[in-house]
Amino acid sequence: MPSMSANNFSRNSHQHHPNQTKGDFFARKQKIEQQRKNLPIAAVERRLVEEVRNNDTLIIVGETGSGKTTQIPQYLFKGGFCRDGGIIGITQPRRVAAITVAKRVSEECGVPLGQKVGYAIRFEDVTSGLTKIKYMTDGLLLREALLDPYLSKYSVIIVDEAHERTIHTDVLLGLLKNVQKARSKCISEAVNTDHNNSNNGHASEGRIDNQNDGILKPCQAKKYHPLKLIIMSASLDARVFSEYFGGARAVHVQGRQFPVDIFYTHKPETDCIDAALITIFQIHLEEGPGDILVFLTGQEEIESVERLIHERLRQLPECNRKLLTFPIYSSLPSEKQMKVFMPSPAGYRKVILATNIAETSVTIPGIKYVVDPGLVKARTYDPKMGVDSLIIVTTSKAQALQRSGRAGREGPGKCYRLYQESFFEKLTDSTLPEIKRCDLSNVVLQLKALGIDDVINFDFIEKPDRTAIVNSLWSLYLLGAVTEENKLSDVGYQMAKLPLDPVYSKALIVASQFGCLKEMLICVAMLSVESIFYAPREKLEESRNALKSFASPDGDHLTLLNVYRAADEFFQKNKTVNSEEKAEKNLRKWCKDNYINSRSLKHARDIHSQILRNVEQMGLRVTSCEDDMLLFRRCLAASFFLKAAMKQPDGVYRVTLSGLIVQIHPSSVLFRAKPECIIFNELVHTNHSYVRNVSRIDYLWLIELAPHLYALQD
DNA sequence: GAGCACTGC
């Protein structure tokens with residue numbers, strides 16, 4: 001993703017130009033030095049390094065624009081924290097942030113990316129033996145912990161953007177707390193006792209034992225340095241982190257943000273879309289130059305606001321029509337997303353209609369005005385029913401603040417909140433942490449693989465609901481990952497090694513026994529990505545026809561398989577006559593012609609090659625069932641038996657385990673066919689309860705292949 | 001015949 005820039009970073013992410021002259025190079029170097037010196041954080045460099053030296057855990061609250069993400073690792077490097085061979089790891093919740101920040105820091109250090117400074121994200125490791133400052137995603141560090149439970153190569157770990165409280169950040173914090181304790185225990189033991197523990201810690205190498213106070217097993221102390229932990233957060237909720245880490249010291253670093261005037265409405269608004277439109281035109285007609293960013297809840301709302309803006313523009317005199325609209329949301333194809341970054345033609349004003357993708361993930365330059373209706377489409381999870389819901393709720397105060405901040409990145413700005421000030425006061429301080437609103441099977445499996453058996457009593461910074469954990473344990477038990485004694489089974493340990501939803505990991509193991517692993521690898525890779533099909537409103541008919549050429553009467557799983565195979569065949573054929581690069585480009589064109597989201601397909605292909613490598617390493621045999629689709633569907637039933645449904649006389653479906661009444665989602669190829677018995681992968685509640693990714697099966701297969709659940713029923 | 005915010009391994 002070329003010109004997307006990460007949070008906190010849009011003003012100074014220039015690229016190193018390959019053919020610049022020596023003079024340019026020195027001028028540029030000097031400029032970078034100047035910029036670094038001017039950062040608010042530069043004034044407290046020595047104090048910060050001292051704080052880290054004196055405190056094993058430090059909370060740093062740094063406002064936007066303080067430079068904490070780029071500077072602190074460099075200060076610590078200079079301060080000698082890598083001297084014993086340890087490295088500094090910095091985690092980010094998002095991939096783009098890890099990449100762009102690493103690029104900037106390597107440039108500031110005047111070294112090529114991947115040497116002293118590098119980054120690692122899924123599918124991409126730009127580090128080497130020389131790397132001392134390593135930026136990475138938090139999910140990746142969690143994975144590393146599975147291979148190296150003591151995270152022994154790190155002398156410092158910085159968890160950045162901790163206030164976002166992603167599920168990975170929360171689990172990581174718990175893990176790091178354990179690792180830190182264990183590593184300092186090792187060292188104190190080594191000092192206090194004559195270390196005759198040379199045969200310790202080998203039997204369970206690769207697993208953490210937390211039977212004693214949630215601490216790792218004693219280890220060979222010489223191997224480990226104490227671990228310095230830094231939690232960086234943008235908001236003022238340092239207290240939560242500080243309390244969690246036993247009253248850890250918290251320091252505050254000034255930021256640099258231009259002032260943003262906040263406006264509220266005088267009366268409550270009943271029609272948000274209308275209020276947004278009025279505000280947009282008010283800004284357009286009365287305010288000075290500068291682009292407008294409008295936060296909306298979803299694709300549909302964005303499309304209708306866009307339509308209404310164009311309608312109203314036509315009613316304005318010619319001279320007032322210089323307003324351009326740009327939608328941006330995650331399922332929009334990249335080339336359309338990129339358009340928001342193009343500067344507007346002279347005299348024109350841009351209106352960017354965005355979901356909360358523009359809140360943190362994407363920074364759009366030129367924004368001076370923010371319109372915030374105060375709503376967001378949020379995902380919640382009901383662990384009892386296994387239902388995801390997507391509902392529109394009010395934002396938190398922190399979110400509102402984050403949104404208004406988007407107006408003050410390049411100069412003073414204005415933010416129009418489409419609600420009353422008294423309403424703002426009633427908003428919750430921050431958004432509910434993700435760990436409280438999603439399926440936990442993966443988290444539970446990962447923790448168990450790390451040797452943390454008592455997940456219910458794990459020291460989470462925020463405890464998930466007990467029922468959520470219990471239900472995850474139950475489904476892991478039904479998948480054979482956990483034994484009746486609540487211990488991880490061998491199958492469970494294998495499943496934990498795969499970077500997939502546990503149900504999908506299990507499907508690969510089942511498929512290897514059925515002899516259709518080749519097909520299941522594709523199927524699981526496709527199920528793991530979002531929206532493979534792209535259906536723009538204006539070309540609904542064409543996109544539907546395109547889908548027909550891939551559709552299988554047996555369901556969405558085989559349809560996805562057909563799409564992947566068609567794409568792969570096209571790509572392989574192309575590669576015999578073209579360069580890899582050209583073939584990739586042609587594949588993107590092929591996707592466009594077939595109304596397939598090329599970004600999603602690329603992602604599926606990446607996942608496919610990664611999990612193919614994984615299963616080969618695990619020693620599974622990758623065989624194909626060729627054209628025996630009956631066998632493959634039986635394998636789907638044997639894998640996804642937890643989510644099956646039967647047709648009712650009135651045409652709706654009843655989920656076998658929960659009794660929930662659902663419908664097949666209209667995007668499914670089985671929407672009209674309505675077979676008697678189905679398995680599905682996703683249950684989402686929007687206006688109705690819908691199941692997605694559905695395949696036709698025979699109920700008798702469930703009795704045969706999942707007798708532990710189905711043989712007892714009537 | 002409906003429609004899905006965002007991340008991540």
Side-chain angles (χ1 to χ4, degrees), chain A residues 6-7 91-98 120-124 136-147 161 164-172 295-304 328-332 354-362 375-380 388-393 395 399 402 431 434-435 437-438 442-443 445-446 449 495-502 504-505 525 528-537 540 543-544 597 600 603 606-607 610-611 614 651 663-668 671-672 674 682-693:
Chain A
N7 193 12
T91 71
Q92 296 289 327
R94 280 171 296 279
R95 302 161 54 112
V96 259
I121 56 176
R122 187 183 189 180
F123 311 129
E124 228 183 310
M136 67 199 125
T137 47
D138 43 16
L140 192 101
L141 188 61
L142 272 179
R143 281 276 146 196
E144 275 189 17
L146 276 179
L147 302 170
E161 313 285 6
E164 289 191 24
R165 301 296 301 277
T166 68
I167 192 160
H168 286 153
T169 297
D170 273 23
V171 175
L172 197 56
F295 284 99
L296 298 167
T297 57
Q299 180 178 349
E300 202 177 78
E301 207 174 278
I302 287 173
E303 281 170 353
S304 61
I328 184 164
Y329 46 89
S330 79
S331 64
L332 194 72
T355 59
N356 48 349
I357 191 172
E359 216 170 84
T360 48
S361 308
V362 162
L375 298 172
V376 64
K377 192 175 281 182
R379 197 182 196 111
T380 53
D388 273 315
S389 294
L390 281 162
I391 43 168
I392 293 168
V393 296
T395 61
Q399 248 177 321
Q402 175 70 24
T431 316
E434 197 185 359
I435 201 159
R437 48 186 176 89
C438 68
N442 213 358
V443 168
L445 185 68
Q446 296 297 314
M495 284 165 62
K497 285 190 207 158
L498 292 160
L500 291 169
D501 183 297
Y504 296 159
S505 303
S528 299
V529 303
E530 300 276 311
S531 51
I532 275 285
F533 299 105
Y534 173 61
R537 185 179 285 256
L540 218 55
S543 61
R544 239 173 249 167
N597 186 329
S600 300
H603 193 194
D606 284 340
I607 293 174
Q610 186 187 33
I611 58 182
N614 289 151
Q663 297 175 34
I664 296 181
H665 194 276
S667 65
S668 169
F671 177 67
R672 281 170 198 285
K674 289 196 168 47
E682 225 182 317
L683 204 172
V684 184
H685 183 89
T686 51
N687 288 332
H688 292 103
S689 286
Y690 288 109
V691 291
R692 296 176 65 228
N693 292 326

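All chains are named by letter (A, B, ...) in the order of the sequence lines, taking the proteins before the strands, and each is independently numbered beginning at 1. What you see is a predicted model, and the numbers here were worked out from it, not measured in a lab.
A:Thr686 comes within 4.0 angstrom of sugar-phosphate atoms only, judged by non-hydrogen atoms across all strands, and of no base. Looking at heavy-atom distances under 4.0 Å, A:Arg544 makes contact with a base. A:Thr166 comes within contact range of no nucleotide atom at all, as no heavy-atom separation falls under 4.0 Å. Note on A:Leu500: a base of the nucleic acid sits closer than 4.0 angstrom, heavy atoms only. Counting any heavy atom pair closer than 4.0 Å across all strands shown, A:Asp138 reaches no nucleic acid atom. A:Gln299 comes within 4.0 angstrom of sugar-phosphate atoms only, judged by non-hydrogen atoms across all strands, and of no base.
With rounding to the nearest 0.5 angstrom, the CG atom of A:Leu375 is 12.5 Å from the CZ atom of A:Phe295.
Neither OP1 nor OP2 of B:dA5 sits under 4.0 Å from any side-chain N or O of A:Tyr329. Remark: A:Arg95 is in phosphate contact with B:dC9, judged by side-chain N or O atoms under 4.0 Å from OP1 or OP2. At B:dT7, none of the side-chain N or O atoms of A:Thr360 fall inside 4.0 Å of OP1 or OP2 (strictly under the cut-off). For the OP1/OP2 pair of B:dG3 and a distance below 4.0 Å, the side-chain nitrogens and oxygens of A:Asn687 include at least one atom meeting the criterion.
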Test log, rule side chain to side chain donor-acceptor pair (under 3.5 Å), inputs A:Ser531 and A:Asn597 = CA-CA 7 Å; A:Ser531 51; A:Asn597 186 329; 4.5 Å; no
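Take the nearest nucleotide of DNA chain B for A:Asp501 and for A:Asn356: the residue whose nucleotide is more 5' is A:Asn356.
Taking atom CD on A:Gln446 and atom P on B:dG8, their separation rounds to 17 Å, with Å as the unit. If you take NE2 of A:His168 and P of B:dT7, they are 14 Å apart, rounded to a whole angstrom. The distance from atom CD1 of A:Ile121 to atom C1' of B:dT7 is 13 Å, rounded to the nearest whole Å. Between A:Arg143 atom CZ and B:dC9 atom P there is a gap of 10 Å when expressed in whole angstrom units. The interatomic distance linking A:Gln399 (CD) with B:dT7 (P) rounds to 14 Å, in whole Å. Taking atom CD1 on A:Ile302 and atom P on B:dA5, their separation rounds to 7 Å, with Å as the unit. Atoms CZ (A:Arg379) and C1' (B:dG3) sit 14 Å apart, rounded to a whole Å. As a whole-Å value, the separation of A:Glu530 CD from B:dG3 P is 17 Å.
Comparing B:dT7, B:dA5, B:dG3 by their closest approach to the side chain of A:Arg94 singles out B:dT7. With B:dC9, B:dA2, B:dA5 as the choices, the nucleotide that has an atom nearest any side-chain atom of A:Leu140 turns out to be B:dC9. Taking only side-chain atoms of A:Phe671, from C-beta outward, the nucleotide of B:dA5, B:dG3, B:dG1 with the closest atom is B:dG1. Checking B:dT7, B:dA2, B:dG8 against every side-chain atom of A:Pro666, the shortest atom distance belongs to B:dA2. Closest approach to the A:Pro499 side chain among B:dC9, B:dT7, B:dG3 is made by B:dC9 (side chain taken as heavy atoms from C-beta onward).
In summary, A:Lys377 and A:Glu300 do not engage in a salt bridge, as defined by a charged side-chain N under 4.0 Å from a carboxylate O.
A:Arg672 contributes a side-chain N or O that forms a donor-acceptor pair with the base of B:dG1 under 3.5 Å.
A:Arg94 has its side chain within reach of A:Ser361: a pair of non-hydrogen atoms, C-beta onward, lies under 4.5 Å apart. Taking 4.5 Å as the limit, every side-chain heavy atom of A:Asp501 sits out of range of all side-chain heavy atoms of A:Ser528.
Using modelled atom types, one finds a donor on one side chain and an acceptor on the other under 3.5 Å when comparing A:His665 with A:Ser667.
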